[in-house]
Amino acid sequence: MNVVLSVAEMKEIAAKLRRAGETVALVPTMGALHEGHLALVREAARTSSRVVVSVFVNPTQFGPAEDFARYPRDIEGDLRKLGALKVDHVFAPDAASMYPPGGSETRVDLTRLPGHLCGLSRPHHFPGVATVVLKLFNICRPDAAVFGLKDYQQVRVIERMVADLDVPVRIVRHPTVREPDGLAMSSRNRYLSAEDRAKAPVIFATLKHLADAIARGERDAARLIELARGRISDAGGSVEYLAVADPDTLDDVAVADRPVLIAAAVRFGGTRLIDNVVAGG
Ligand code: AMP
């Protein structure tokens with residue numbers, strides 16, 4: 001496994017792989033890797049002859065009051081975990097190499113998708129994500145890129161960007177990987193106190209409860225949302241949003257008479273966790 005620190009070197013490697021007729025799958029990550037990330041890497045190895053994993057904590061997708069500085073970083077642990085898998089190149093640039101001094105004038109912004117769910121409280125987030133992912137695509141030139149459905153809105157933003165801008169990369173969706181008690185794996189779970197960690201599975205339990213209610217015939221989104229808010233608050237979580245939405249546009253849905261995305265952001269202590277399920281239909 002080769003570790004690549006510079007953008008120029010990664011571009012050269014990508015060009016060589018293309019000339020050699022290899023197919024390349026990219027797994028973009030911010031490191032602090034857990035089993036969820038590693039499942040994406042295994043999926044990448046199934047789709048392509050070469051696997052590139054990027055590890056880059058992208059400063060432009062964090063707001064000024066967010067956790068960029070204290071976001072967990074563990075490149076040695078990451079390399080150890082990736083070394084046990086079929087990974088050809090780990091691209092781990094520093095911020096100055098991705099964003100040279102003098103700044104950048106260009107960013108990728110989407111008109112509607114970021115105006116929902118996480119985008120409402122994190123206005124910097126999706127322009128930062130879309131821009132860095134397009135840069136990673138241009139540097140690594142993958143045929144396919146694997147993204148996790150835990151970050152459902154991110155998947156939709158990337159899929160839409162790729163469609164709108166004719167980016168020649170196939171986006172592969174991977175299901176959310178969970179702890180045995182249902183909590184979605186996340187690099188941020190390590191911030192949870194033991195007490196909050198014990199409470200946090202209520203998020204997925206509640207989303208599943210709503211999916212079951214829909215399966216039993218409940219259609220009223222407002223009622224579903226109220227039910228969920230009550231359950232999560234009773235368990236000590238503070239709900240930032242709870243939405244029943246169209247799985248493609250992410251627009252709110254009033255009547256769940258077709259497949260819907262049920263998505264939530266919940267804080268336990270200072271830690272913000274997100275999760276979602278698709279239900280109905
Ligand atoms: P991050 O390092 O948080 O930016 O995540 C990198 C990639 O891993 C993204 O595509 C995430 O959606 C994905 N990912 C993170 N956690 C999980 C999980 N629990 N299950 C599946 N994919 C995940």
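Counting starts at 1 for both ligands and their atoms, following the listed order.
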Assess A32 for proximity to ligand 1: is some non-hydrogen atom of it under 4.0 Å away?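 No.
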Looking at ligand 1, does H174 have a heavy atom less than 4.0 Å from it? no
Tell me whether [X] is salt-bridged to [Y], with the criterion being a basic N under 4.0 Å from an acidic carboxylate O.
X    : Y    : answer
R46  : E43  : yes
R229 : E226 : no
D78  : R73  : no
D275 : K208 : no
E195 : K199 : yes

Distance to 0.1 Å, residue and atom name: give those for the protein heavy atom nearest to [atom].
atom                    : answer
atom 5 (O) of ligand 1  : H37 NE2, 3.4 Å
atom 16 (N) of ligand 1 : H34 CE1, 3.2 Å
atom 9 (C) of ligand 1  : Q154 NE2, 3.8 Å
atom 20 (N) of ligand 1 : V177 N, 2.8 Å
atom 13 (C) of ligand 1 : L40 CD2, 3.6 Å
atom 11 (C) of ligand 1 : D151 OD2, 3.1 Å

Apply the test side-chain contact (heavy atoms from CB on, under 4.5 Å) to residues L250 and Y152: give CA-CA distance (whole Å), side-chain angles for both, the deciding distance (0.1 Å), then the verdict. CA-CA 10 Å; L250 310 183; Y152 190 97; 3.9 Å; yes
Inspect the surroundings of CZ in R160 and state if more than 12 heavy atoms from other residues, nucleotides or ligands are less than 6.0 Å away.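 No, because the 6.0 Å sphere around CZ of R160 holds 12 heavy atoms or fewer from other groups.
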Does atom CZ of R173 have more than 12 heavy-atom neighbours, drawn from other residues, nucleotides or ligands, at distances under 6.0 Å? yes
Within reach of ligand 1, part of M185 (heavy-atom separation under 4.0 Å):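 Both backbone and side chain of M185 come within 4.0 Å of ligand 1.
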Nearest non-hydrogen atom to atom 7 (C) of ligand 1 belongs to which of S186, G148, G31, P28? P28
Show me which atoms of ligand 1 lie under 4.0 Å from any heavy atom of T176.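 In order of numbering, the contacting atoms are 20 (N), 21 (C).
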Which of the numbered atoms in ligand 1 are under 4.0 angstrom from any heavy atom belonging to F147?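 Here the atoms of ligand 1 in question are 10 (O).
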Looking at Y71, is R190 sitting on its ring face, NZ or CZ under 6.0 Å from the six-membered ring centre and within 45 degrees of the normal?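 Cation-pi check for R190 and Y71: fails.
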For M30 and ligand 1, does the shortest N/O to N/O distance drop below 3.5 Å? yes
